[in-house]
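Structure, as structure tokens:
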Amino acid sequence: MNIERLIFTITINALKELYNFEASEDQIQIQNTRKDFEGDLTLVVFPFLRFSKKSPEKTGEEIGAYLEKNIEIIESFNVIKGFLNFVISKKYWLDILNEAFVNDDFGLVKENENSDLVMVEYSSPNTNKPLHLGHIRNNLLGYSISEILKANGKRVVKTNIVNDRGIHICKSMFAWQKWGKGKTPENSGIKGDHLVGEFYVEFDKHFRVEVAELVASGMAKEEAENQAPSIIAARELLLKWEAKDKGTIDLWEKMNAWVYKGFDVTYKKLGVDFDKIYYESDTYLIGKEEVLRGVNEGFFYKEKDSSVWADLTSDGLDKKILLRNDGTSVYITQDIGTAKMRFADYPIDKMVYVVGNEQNYHFQVLSVLLDKLGYDWGKGLHHFSYGMVELPSGKMKSREGKVVDADDLIEEMVDVARKMSTELGKLDTFSEVEAEKVYRMIALGALKYFILKVDPKKNMLFNPEESIDFNGNTGAFVQYTYTRIKSVLRKAADKNITVHNGTDVDSISIKEKDLVKRISLFPAILIEAGDNYSPAILANYCYELAKEYNQFYHDHFILIEPEPEKRNFRLVLSATVGKLVKKGMSLLGVEMPERM
RNA sequence: GCCCCGGUAGCUCAGCUGGAUAGAGCAACGGCCUUCUAAGCCGUAGGUCACGGGUUCGAGUCCCUUCCGGGGUACCA
């Protein structure tokens with residue numbers, strides 16, 4: 001039984017016996033004792049004063065005495081104001097450490113036949129432009145939350161819906177036809193997704209000139225945006241595409257193939273992957289069918305102009321268009337089709353969509369629509385809504401080319417890592433190939449940690465002028481701590497010092513106990529990170545653990561410690577921290593180098 | 001206009017779902033390498049938790065007003 005549960009239970013007994021009060025668990029607050037006070041765990045006694053009718057100090061003393069008598073591992077207690085602090089016995093902490101040390105799955109929940117199957121959709125790129133920093137956040141969050149859910153015993157299917165059709169790709173296609181002069185990734189040496197992105201920007205450039213001209217000639221802006229020759233041409237392409245026009249389909253396939261090849265490179269660099277990929281071009285027709293079924297069954301209705309709508313006002317939402325008046329599908333149409341396809345493919349218990357918070361409303365609507373269409377899983381879908389990445393100048397805009405490109409950013413990070421590492425002379429004995437591997441680990445680790453340590457729900461700021469740090473609260477800090485630990489363990493092995501379990505020492509220092517306490521929190525942190533869909537909770541834990549290890553490392557000898565059992569204890573501590581930090585960071589998608 | 005989210009140190013972020021004197025990192029200043037990796041450790045300085053009210057033993061945390069920022073808002077995705 002874990003210590004907190006034990007205190008809960010015995011406190012309930014104490015309140016009954018001392019004050020004849022039947023408490024429930026949620027009236028009892030247990031927290032970690034603040035560092036400035038003596039003790040490990042603290043019970044807040046204020047809520048009990050109404051029943052004890054005594055001072056906070058007196059009440060604390062009485063409950064404290066009761067618990068001390070009835071719980072063996074409580075060594076002593078003290079009361080300060082309304083706070084009852086317990087000192088937990090050394091044995092308890094040593095037991096936890098030994099458990100964490102020997103159990104390679106410490107804190108992890110194993111999946112079984114009854115485990116929920118969770119499908120996590122993330123990435124979901126459009127095929128008209130390369131990935132940028134906003135997509136990086138999405139990809140890292142999606143990958144990490146998938147791993148965290150697995151660590152919580154869920155069966156996870158990582159999925160990607162590629163938005164490979166629609167007006168956006170037609171814009172790039174039209175621009176390429178018109179101004180491309182046969183440019184290809186092969187003959188230009190430009191990565192495919194970047195090349196297609198160039199034409200998307202090219203399209204917008206011409207489009208805006210055309211709109212400006214029309215406005216200058218007296219047309220209203222809104223109409224001009226509808227009448228510009230470029231947009232008309234792009235729309236024609238979309239209609240031809242939907243009509244399966246051979247030439248259009250060929251061009252579409254060619255350009256998308258360029259993009260996929262480019263995306264694969266970026267995904268690989270980022271270390272993210274998918275178990276199943278869906279394409280909008282395969283799902284949007286199913287979406288249409290579902291919408292029409294909805295019309296037939298009376299959930300949706302057709303306007304005079306033959307556009308199709310859902311009236312969601314009784315659900316507290318607005319009316320929502322589902323098919324345009326020309327019969328083409330809108331964004332949400334394909335989401336309906338994709339959902340149907342997925343639930344046919346997998347026995348999904350829970351669907352998680354990793355999509356930015358600008359689409360909060362969209363998912364509210366989708367949930368209701370799916371429910372109306374008779375899917376009972378519609379109501380339970382989870383929109384993992386994350387904040388935007390902003391630049392100092394504001395929101396990123398692909399069309400204006402105002403973005404931090406994913407590939408560029410990664411390569412810049414690697415350059416900085418290489419430079420820094422060379423200056424410090426850390427990897428002088430490494431081969432070039434080996435060193436390059438480590439630079440990439442450090443660069444990616446810094447980038448991933450930088451993004452994942454922030455609460456996903458919040459917007460975050462990225463300043464391209466200041467490169468991401470390798471000192472302080474960073475990925476490199478945690479990696480560095482790990483390499484220190486590995487170094488100590490290597491040296492122990494060199495000296496034929498074996499690290500054995502069942503460690504027992506006469507006394508442990510404050511720093512040592514702090515570390516064990518932090519270790520003991522690992523299982524709860526994993527659960528919390530999973531329940532809250534928050535890699536940030538785990539990232540910050542890894543930092544705290546590493547930070548406390550560095551303090552310990554600074555203040556204590558490990559290998560040099562003459563007393564064998566003490567030395568062993570510290571080696572066990574070190575190995576355990578190393579293991580947890582590696583595990584924790586791996587759930588964030590961060591790799592750990594052995595040396596740096 | 002209406003709806004949602006946010007505002008914590010100069011900057012970037014934590015703050016365990018209402019508990020003790022609000023914490024880190026960066027930037028600034030000072031100290032620590034003949035002992036296991038100094039990408040580290042220690043210290044100094046830095047705060048009206050946007051503003052004003054309320055709820056209570058106790059509020060950065062919950063409620064309301066106002067201000068500021070971001071997002072959404074029926075044929076963009």
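If you're wondering where the values come from, they're calculated on a predicted model, not measured in any experiment. Naming convention: chains lettered A, B, ... in sequence-line order (proteins, then strands); numbering from 1 in each chain. All heavy atoms count here, side chains included; hydrogens, waters and symmetry mates do not.
Using a 4.0 Å cut-off, some side-chain N or O of A/Q551 falls inside it from OP1 or OP2 of B/C42. Between A/K491 and B/U37 there is a side-chain N or O to OP1 or OP2 distance below 4.0 Å. Considering only side-chain N and O atoms, A/K458 lies nowhere under 4.0 angstrom from the phosphate OP1 or OP2 of B/G70. Residue A/K81 has a polar side-chain atom (N or O) positioned under 4.0 Å from OP1 or OP2 of B/U21. Distances shorter than 4.0 Å separate some side-chain N or O of A/N471 from OP1 or OP2 on B/G40. Look at A/R484 and you'll find a side-chain N or O under 4.0 angstrom from OP1 or OP2 of B/A38. Here A/Y331 does not reach the OP1 or OP2 of B/A77: none of its side-chain N or O atoms lies under 4.0 Å away. For B/C75, neither phosphate oxygen OP1 nor OP2 lies less than 4.0 angstrom from any side-chain nitrogen or oxygen of A/K320. Within the 4.0 Å cut-off from OP1 or OP2 of B/U56, not a single side-chain nitrogen or oxygen of A/R50 is found.
Residue-to-nucleotide contacts include no donor-acceptor pair under 3.5 Å from the side chain of A/T481 to the base of B/A39. Put simply, the side chain of A/N85 and the base of B/A20 share a donor and an acceptor less than 3.5 Å apart. Counting atom types as modelled, A/N360 pairs no side-chain N or O with a base atom of B/C5 as donor and acceptor under 3.5 Å. Contact annotation: side chain of A/E358 to base of B/G72, donor-acceptor pair absent below 3.5 Å. Contact of A/T483 with B/A39 (side chain to base): no donor-acceptor pair of N or O atoms is detected under 3.5 Å.
Screening A/R324, A/K288, A/R235 for a salt bridge (charged side-chain N to carboxylate O under 4.0 Å, His left out) with A/E242, the sole residue that qualifies is A/K288. Between A/E548 and the options A/K511, A/K517, A/R518, a salt bridge (charged side-chain N to carboxylate O under 4.0 Å, His left out) holds for only A/R518.
Summarising the local packing, CD of A/Q31 is surrounded by more than 12 heavy atoms from other residues, nucleotides or ligands at distances under 6.0 Å. The 12-atom threshold is exceeded at CG of A/L239, counting heavy atoms of other residues, nucleotides or ligands nearer than 6.0 Å.
Between A/L43 atom CG and B/A20 atom C1' there is a gap of 14 Å when expressed in whole angstrom units.
Rounded to whole Å, the separation between the P atoms of B/C49 and B/A22 comes to 10 Å.
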